[in-house]
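First up is the structure itself, then whatever we jot down about it.
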Number of protein chains: 2
Amino acid sequence: MARKPPTKPRKNALQERSRATVDALIEATARILVREGFEKTSTNRIAEVAGVSVGSLYQYFPSKEALVAAVIDRHHEEIMGIVRATLCDVMDMPIEKAVRRLVTVAIDAHRINPKLHRVFAEQIPRAGKLDVEAFNREVHTLVRAYLDSHRKEMRKIDLDVATFICVSTIEAVAHNTVLNPAEMLPEKTVRTLVDETTRMVVGFLKPSA
Amino acid sequence: MARKPPTKPRKNALQERSRATVDALIEATARILVREGFEKTSTNRIAEVAGVSVGSLYQYFPSKEALVAAVIDRHHEEIMGIVRATLCDVMDMPIEKAVRRLVTVAIDAHRINPKLHRVFAEQIPRAGKLDVEAFNREVHTLVRAYLDSHRKEMRKIDLDVATFICVSTIEAVAHNTVLNPAEMLPEKTVRTLVDETTRMVVGFLKPSA
DNA sequence: AGGAAAAGCGAGTGAATGCTCGCATTATAG
DNA sequence: CTATAATGCGAGCATTCACTCGCTTTTCCT
């Protein structure tokens with residue numbers, strides 16, 4: 001019974017109990033990132049908060065970075081789910097309606113966990129950054145597809161340029177709205193921002209005359 | 001001749017030679033940040049590259065963060081100089097012309113030292129972030145002043161909202177243009193981006209009819 | 001039940017690094 | 001020329017932290 005070296009030396013292996021451990025570790029990492037900042041997020045502390053030992057931590061995550069990356073992935077996946085769904089059911093709407101939805105969703109997405117978002121933006125050194133790039137690329141592709149199928153409502157313009165500008169703009173407004181000021185601004189202001197941003201983007205895409 | 005306690009225990013004190021030391025330290029920090037990344041930027045390494053000793057380093061900078069902050073400040077001051085000057089001589093121009101200049105300048109500013117900019121954006125944990133906030137606030141104030149004195153060319157809109165959206169948009173396009181792709185994109189594409197971004201912002205500000 | 005594999009443990013190790021301190025060198029003043 | 005301050009030095013201290021290893025406990029399978 002000793003065919004394979006019986007040790008699965010590292011990595012994932014999930015049988016119910018360990019799944020909970022993995023979750024606890026990711027959750028703990030997110031909590032510490034938000035509450036104590038990236039600097040204080042050490043593997044020992046993560047294990048402590050998660051209620052497991054460092055040893056267990058290293059059974060499932062080969063490095064500290066892997067843990068942080070897992071937190072980022074989880075958050076990105078959550079956001080991408082919303083974005084994909086939205087772009088899906090927006091596909092048949094006219095530009096005006098669709099853009100308004102997208103702007104709203106962008107702000108909502110940034111509001112899922114503003115503090116975590118802030119930590120990502122301000123504190124975490126994105127080393128590989130491949131994740132973020134992939135994320136951006138998918139958004140770009142999806143938006144481009146929408147614009148492509150609504151060309152008739154638009155003026156003549158290079159699709160990639162239009163996509164780039166629209167995505168950049170919407171993302172920036174959402175980002176700055178959520179991160180900049182006193183963290184929580186009145187609902188009315190947010191509505192104004194959505195209105196105005198929508199107007200800007202729609203005006204940009206629609207034929208000028 | 002021993003009136004004042006003769007020790008200037010720490011901090012700045014500049015008599016020609018030390019000035020050079022300080023410059024060398026800041027310059028070395030910038031170089032290491034760009035060439036080796038934030039992680040490799042240790043005080044010992046900085047001193048080594050600057051050709052001075054750690055001891056000297058700590059005579060002028062109370063901590064590693066202070067050094068990095070100095071690099072950031074230097075870069076921001078450079079950019080703010082350009083922005084201030086531009087907004088100054090743009091003050092009397094009509095919106096169309098002014099916005100085009102601003103978009104161009106924004107991209108140029110991001111291109112002063114793209115690699116350094118990238119390090120700031122991706123690797124450096126902005127702890128206090130007071131510097132960045134002050135930076136943003138000043139830009140906001142300047143742009144707002146311009147818009148205020150050109151109200152007659154604009155539709156009716158809250159000045160702060162308009163400023164917020166314009167600044168966010170222009171900054172985002174510039175940022176993504178310089179950082180995103182293959183680092184160096186063709187001049188023609190950049191011109192297109194300037195044109196289109198200008199069109200968007202101007203269309204947003206001008207009366208609709 | 002019983003044995004094997006999976007999961008969990010946590011004190012300890014080794015390396016990296018921010019920073020200090022006592023001394024050496026260079027400039028300035030009288 | 002000499003005293004005093006300014007500047008510069010760099011070995012080493014103290015700390016932090018990612019990560020390992022030998023062991024125990026739990027779960028699964030027959």
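Every chain is numbered from 1, with letters handed out A, B, ... down the list of sequences.
- One can place CD of A:E39 at 13 Å from P of D:dT16, the figure rounded to the nearest angstrom.
- The pair A:R100-A:E96 meets the salt-bridge criterion, since a charged nitrogen lies less than 4.0 angstrom from a carboxylate oxygen.
- The residue from A:I32, A:V71, A:L33, A:T41 that alone fulfils the side chain to side chain contact (heavy atoms under 4.5 Å, CB included) condition with A:V119 is A:L33.
- Note: B:H117 and B:H110 have perpendicular aromatic rings, judged against thresholds of 30 and 60 degrees for the angle between ring planes.
- Side-chain N/O atoms of B:T43 include one lying less than 4.0 angstrom from OP1 or OP2 on C:dG18.
- The distance between atom NZ of B:K64 and atom C1' of C:dA16, rounded to the nearest whole Å, is 11 Å.
- Applying the ring-ring contact (aromatic ring centres under 6.0 Å, His included) test to B:H75 and every residue at least two apart in sequence or in another chain returns B:F120.
- At least one donor-acceptor pair closer than 3.5 Å links the side chain of A:S63 to the backbone N or O of A:A66.
- In terms of position on DNA chain D, the residue among B:T21 and B:N44 whose nearest nucleotide sits closer to the 5' end is B:T21.
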Per-nucleotide protein contact string for nucleotides 23-28 of chain C (B base, S sugar-phosphate only, - none; heavy atom under 4.0 Å): ---SS-
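- For the pair B:S56 and D:dT7, the criterion of a side-chain N or O lying under 4.0 Å from OP1 or OP2 is not met.
- The number of heavy-atom neighbours closer than 6.0 Å to CZ of B:R31, taken from other residues, nucleotides and ligands shown, is 12 or below.
- B:Y58 places its OH atom 16 Å from the P atom of D:dA11, with the value rounded to the nearest Å.
- Distances from the side chain of A:V54 to the nucleotides C:dG10, D:dG8, C:dC19 place C:dG10 closest.
- When the P atom of D:dT15 is taken as reference, atom NZ of A:K40 falls 15 Å away, rounded to whole Å.
- For D:dG8, the OP1/OP2 oxygens have no side-chain nitrogen or oxygen of B:S53 closer than 4.0 Å.
- For B:Y60, a side-chain nitrogen or oxygen approaches OP1 or OP2 of D:dG8 to under 4.0 Å.
- Whole-Å rounding puts the B:L25 CG to D:dG8 P distance at 9 Å.
- Rounded to whole Å, the distance from CD on B:Q59 to C1' on D:dG10 is 13 Å.
- For the pair A:F61 CZ and D:dT20 P, the interatomic distance rounds to 15 Å; values are reported in whole Å.
- Between the side chain of A:R126 and the main chain of B:A121, a donor-acceptor pair closer than 3.5 Å is present.
- Closest to the side chain of A:S42, from the set D:dA18, D:dC9, C:dG10, is D:dA18.
- For the pair B:L57 CG and D:dG10 C1', the computed distance is 13 Å after rounding to whole Å.
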